[in-house]
Number of protein chains: 2
Amino acid sequence: MSPDLLDATFAALADPTRRAILARLATGEASVTELAAPFAMSQPAVSKHLKVLERAGLVSRGRDAQRRPCRLEARPLKAALDWLEDYRDYWAESYQRLDGLLAELQSEGGEGRTR
Amino acid sequence: MSPDLLDATFAALADPTRRAILARLATGEASVTELAAPFAMSQPAVSKHLKVLERAGLVSRGRDAQRRPCRLEARPLKAALDWLEDYRDYWAESYQRLDGLLAELQSEGGEGRTR
DNA sequence: CAGTTCTATAACCAGATGGTTTATATCGTC
DNA sequence: GACGATATAAACCATCTGGTTATAGAACTG
């Protein structure tokens, strides 16, 4: 997976408002105003959060008259989870068995990116 | 788990440099300069990244003479993974069976936080 | 067509982030 | 005690983030 998408996904998840939005969307589609209702913040603020979620591919949007219903897209969540799975051995069992882990990690490890 | 810790954990993971550092630490303890070597950035920049990881509880540090060896702490990774697990049903199987999910999500969903 | 509702955009602001360079502290060695 | 190596801290800067208010667009309703 492209690192940039992982970046965007983890960044999107690093905000409690956005996690709450995802939680709400797990119960079904919702419009922007429906999503904004529980929060003590303006509607444009929620629209911005939705854009962040959209950029990460976590939310897609439809069209229903003047409403733009939001739907949860879980594929990036799976990618994030897959990344985390590589570290499962660290809190499980014997703190050993990191054999298969290394090969997987090296692919991103030696990048030398500047940012 | 406290939302702030989840915030810090996901935010820490949203940077490829920091993920690479964690990958390196999965192979064992390392000093700051060892960690900085693969990257095209100054050593203080890496120290800053380490501070972010430390704040998220993902890295702990020891003392070995003038070296401050870093060690991976995976517990926050488990917390992040646990959060993601709640959405597993979304990419698996039938896109149904979200029953048990709701109760779990409601705890964070209705916060109404401002930031 | 006028008004209302839903959403997006623009302009602005404070604070965080990610990097830099320079300086300072800590520790072992000679 | 001076030097070299390791790491932190400080000051600075550009950009991003998360919020605001105000405005504009898009689509239904009377």
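Values in this document were obtained by computation on a predicted structure and should not be read as measured data. When reading the values below, keep in mind they use all heavy atoms of this one structure, side chains included, and skip hydrogens, waters and symmetry mates.
Side-chain contact of B/R67 with B/S31: a donor-acceptor pair under 3.5 Å is absent, judged by distance alone.
The separation between B/D7 atom CG and D/dT17 atom P is 15 Å, rounded to whole Å. A/R61 places its CZ atom 14 Å from the C1' atom of D/dA26, with the value rounded to the nearest Å. The distance between atom CZ of A/R19 and atom P of D/dG18, rounded to the nearest whole Å, is 12 Å. Atom CZ in A/R68 sits about 16 Å away from atom P in D/dG25, given to the nearest Å. The interatomic distance linking A/D64 (CG) with C/dT7 (C1') rounds to 13 Å, in whole Å. Straight-line distance from the CE atom of A/M41 to the C1' atom of D/dG19: 8 Å, rounded to whole Å. The distance from atom NZ of A/K51 to atom P of C/dT7 is 15 Å, rounded to the nearest whole Å. Rounding to whole angstrom units, CZ of residue A/R67 and P of C/dT4 are separated by 17 Å.
Listed candidates were D/dT8, D/dG19, C/dT20. Nearest to the side chain of A/H49 is D/dG19. Of the candidates D/dT8, C/dA8, D/dA26, D/dA26 carries the atom nearest the A/R63 side chain, counting heavy atoms from C-beta on. You'll find that the side chain of B/R18 is closest to C/dG18, out of C/dA8, C/dG19, C/dG18. Here the side chain of A/Q66 is nearest to one of C/dT5, C/dT7, C/dG19, namely C/dT5. Here the side chain of A/P44 is nearest to one of C/dT9, C/dG18, C/dT7, namely C/dT9.
Regarding contacts with the backbone of D/dA7, every side-chain N or O of B/S47 stays at 4.0 angstrom or more from both OP1 and OP2.
With hydrogens and angles disregarded, a donor-acceptor distance shorter than 3.5 Å links the side chain of B/Y87 to the backbone of A/A23.
A continuous path of Ile, Leu, Val, Met, Phe, Trp and Tyr side chains, each step under 4.5 Å between heavy atoms, connects B/V32 with B/L72, placing both in one hydrophobic cluster.
The minimum heavy-atom distance between A/R63 and A/P69, with the atom names listed, is N-CD, 3.9 Å.
Residue-level contact check: A/A45 touches the bases, meaning some heavy atom is under 4.0 Å from a base atom. Looking at heavy-atom distances under 4.0 Å, A/T33 makes contact with sugar-phosphate atoms alone, never a base.
Between A/K78 and B/L84, the closest side-chain pair of non-hydrogen atoms is not below 4.5 Å.
Toward the 5' end of DNA chain D, the nearer of the two residues B/Q43 and B/K48, judged by each one's closest nucleotide, is B/Q43. When each of B/R55 and B/S42 is assigned the nucleotide of DNA chain C with its nearest heavy atom, B/R55 is the one assigned upstream, toward the 5' end.
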